[in-house]
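So you know, we letter chains A, B, ... as the sequences are listed, proteins then strands, and number each from 1. Predicted model only: the values in this text are computed from it and were never measured. What's counted below: heavy atoms across the whole structure, side chains too, no hydrogens, waters or symmetry copies.
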Amino acid sequence: MAYTPATEELIRALQLLPGIGTRSATRMALYLLERDTDSARQLSHSLADALEKVHRCPSCRTLTELPVCPVCESTDRNTKLVCVVANDADRSAIEMSNRFTGRYFVLHGVLSPMDAVGPEQLGVFDLVDKVKAESIEEIMFVLDDQMESEATIYYITEQLKGLNVKCSRAMVAHLKNGSLDQAESRHLVSAIEHKREINIEQK
Amino acid sequence: MFRSSVTEGFLLFSRPFKEDDTLCELWTEKQGRVRCRISGNPPEPYRQFEIKLSNKAGLPAVSNFRYTQPVLIDSNAARLLGFYVNELLYRLLPAGYGDSSLFGRYISTLLYLNEGENIQPVLRFFEQGVLASLGMAVDYQQDANSLPVVAGQHYRFETGRGFVADAHGRYSGERIIAVNRQDYNLKGALSLARECQRRQIDELLGGGQPILSRQWLVNLIQTKGASEA
Ligand SMILES: [Zn+2]
């Protein structure tokens, strides 16, 4: 063992972050421990604090510090329309466009068996229950056009078959890396205005 | 380990890496499963490409990428079924182990899945190919004692060994013979192949997490009201 047990533990923990390998994790750990212990303490405090306060909204899975997120709490929103997004960054991008009046449902990912992400991890069955319980009339998907996203939309619409809910899709043009938080709001507005209905083949 | 080679391949899965790169798991004809870093967007899934892989410390370097075929899957249902096929390769095959016959079977499996007919036999065909590549194919021709399977006899299935003659066994010789001929019209033949191959796959996973996408596909096929999963 090259470092102290606690250092090794920190290096292992940092490697849990996406895109961080052994070398980057070691560099970060040593930087925090050798060079900048104030920042390290700050990081440790912020992480503990965020873990304590932030949780998923029980209704839409958005990260929030309140018992229920402000959008779900608001009485001014269209409760029959739900926008399904892959993550909170996309949700907040749509919210900032000031064009969407319904509520959200955050998947926190798309189907990816090799990352151990299946329908349960995405809350798909919670979404189906929500559609039933709240008599939701329309689900609007705002996901990118990657294969995994297409497959996710297909999987969800299959689960929604026979529930008398309309499914639509808004495609945002000119996306960099597929992230909506870098999209210009006019492209988001245009995508929402030109959303297209998804034909679910009824069997 | 290979030095540098040009090979045909497919993307199994990718995830973002640092700011602008992608960490890709490829399924290649010559090197089998290979993990590499590609700058920019990952290759399109289910589409064959040619790539040059050069060995260096850490991840292999990738160059001369070009698509060589049109995309093989364009239906939504087939995309999901393809997840299962990809997960089998990812979970079961060791990295760096090329098998061009399995590579060919992968291509024909994707083509069949895209047609949307006889999905179950196609998945069994692919599973058996993966098992064969690992020397673990279920032998439907001979029993565990290397005797031909007999129509009037009953058998039980033991993972790693095969069919064992057993008067109280769950499987009839007729069904085993039908699976060997890939004749799935005989009632129970398809579920026999599904059960035995699944047990064989689970054995290879050694008590690890089961193949995740299998469960979703069961759900999907049930909601579609199609035949047994
Ligand atoms: Zn909420």
Asks: Is there any residue in residues 99-121 of chain A with a non-hydrogen atom under 4.5 Å from a non-hydrogen atom of chain B, and which ones are they?
Replies: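 The residues closer than 4.5 Å to chain B, in numerical order, are A/Leu111, A/Ser112, A/Pro113, A/Met114, A/Asp115, A/Ala116, A/Val117, A/Gly118, A/Pro119.
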
Asks: Is it true that, when you exclude A/Asn164 itself, more than 12 heavy atoms of the residues, nucleotides or ligands shown sit nearer than 6.0 Å to its CG?
Replies: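 Incorrect, the count does not exceed 12.
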
Asks: For A/Glu193, look at atom CD and say whether over 12 heavy atoms of other residues, nucleotides or ligands are found less than 6.0 Å away.
Replies: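 Count over threshold, so yes.
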
Asks: If I measure from the heavy atoms of chain B, does A/Ser24 come under 4.5 Å with its side chain, its backbone, both, or neither?
Replies: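 Contact with chain B involves the side chain of A/Ser24 alone.
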
Asks: For B/Tyr46, is it the side chain, the backbone, both, or neither that has a heavy atom closer than 4.5 Å to a heavy atom of chain A?
Replies: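 Interface part for B/Tyr46: side chain.
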
Asks: Side chain, backbone, both or neither: which part of B/Asp21 has an atom under 4.5 Å from a heavy atom of chain A?
Replies: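 Contact with chain A: none, neither part.
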
Asks: Can you list the residues that meet the ring pair (Phe, Tyr, Trp, His ring centres under 6.0 Å) rule with B/Phe65, with sequence neighbours excluded?
Replies: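 For B/Phe65 the ring pair (Phe, Tyr, Trp, His ring centres under 6.0 Å) partners, ignoring immediate neighbours, are B/Phe49, B/Tyr67.
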
Asks: Between atom OG of B/Ser75 and atom OH of A/Tyr154, what is the distance when rounded to the nearest 0.5 Å?
Replies: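 Here the interatomic distance stands at 7.0 Å.
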
Asks: Are there more than 12 heavy atoms of other residues, nucleotides or ligands under 6.0 Å from atom NZ of B/Lys52?
Replies: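 Result for NZ/B/Lys52: open.
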
Asks: Is B/Tyr90 close to chain A through its backbone or its side chain, or both, or neither, when contacts mean heavy atoms under 4.5 Å?
Replies: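 Contact with chain A involves the side chain of B/Tyr90 alone.
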
Asks: When only pairs under 4.5 Å are counted, which of B/Glu25, B/Arg79, B/Gln215, B/Glu44 shares the most heavy-atom pairs with chain A?
Replies: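 Winner by heavy-atom pair count: B/Arg79.
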
Asks: Among residues 31-54 of chain A, which residues come closer than 4.5 Å to chain B, judged by heavy atom distances?
Replies: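 So far as heavy atoms go, nothing in residues 31-54 of chain A approaches chain B to under 4.5 Å.
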
Asks: Return the CG to OG1 distance between B/Leu80 and A/Thr152, rounded to the nearest 0.5 Å.
Replies: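 Here the interatomic distance stands at 7.5 Å.
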
Asks: Around B/Phe157, counting heavy atoms of other residues, nucleotides and ligands shown, do more than 12 lie under 6.0 Å from its CZ?
Replies: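 Yes - once you tally the heavy atoms of other residues, nucleotides and ligands closer than 6.0 Å, there are more than 12.
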
Asks: Please test A/Met147 against B/Phe13 for side chain to side chain contact (heavy atoms under 4.5 Å, CB included), starting from the C-alpha separation and ending with a verdict.
Replies: CA-CA 10 Å; A/Met147 190 279 291; B/Phe13 93 110; over 6 Å; no

Asks: Please tabulate, for the side chains in residues 126-135 of chain A, all donor-acceptor contacts under 3.5 angstrom to protein atoms that are two or more places apart in sequence or on a different chain.
Replies:
unit_1: A/Lys130; atom_1: NZ; unit_2: A/Ser59; atom_2: O; d: 3.2
unit_1: A/Lys130; atom_1: NZ; unit_2: A/Ser59; atom_2: OG; d: 2.8

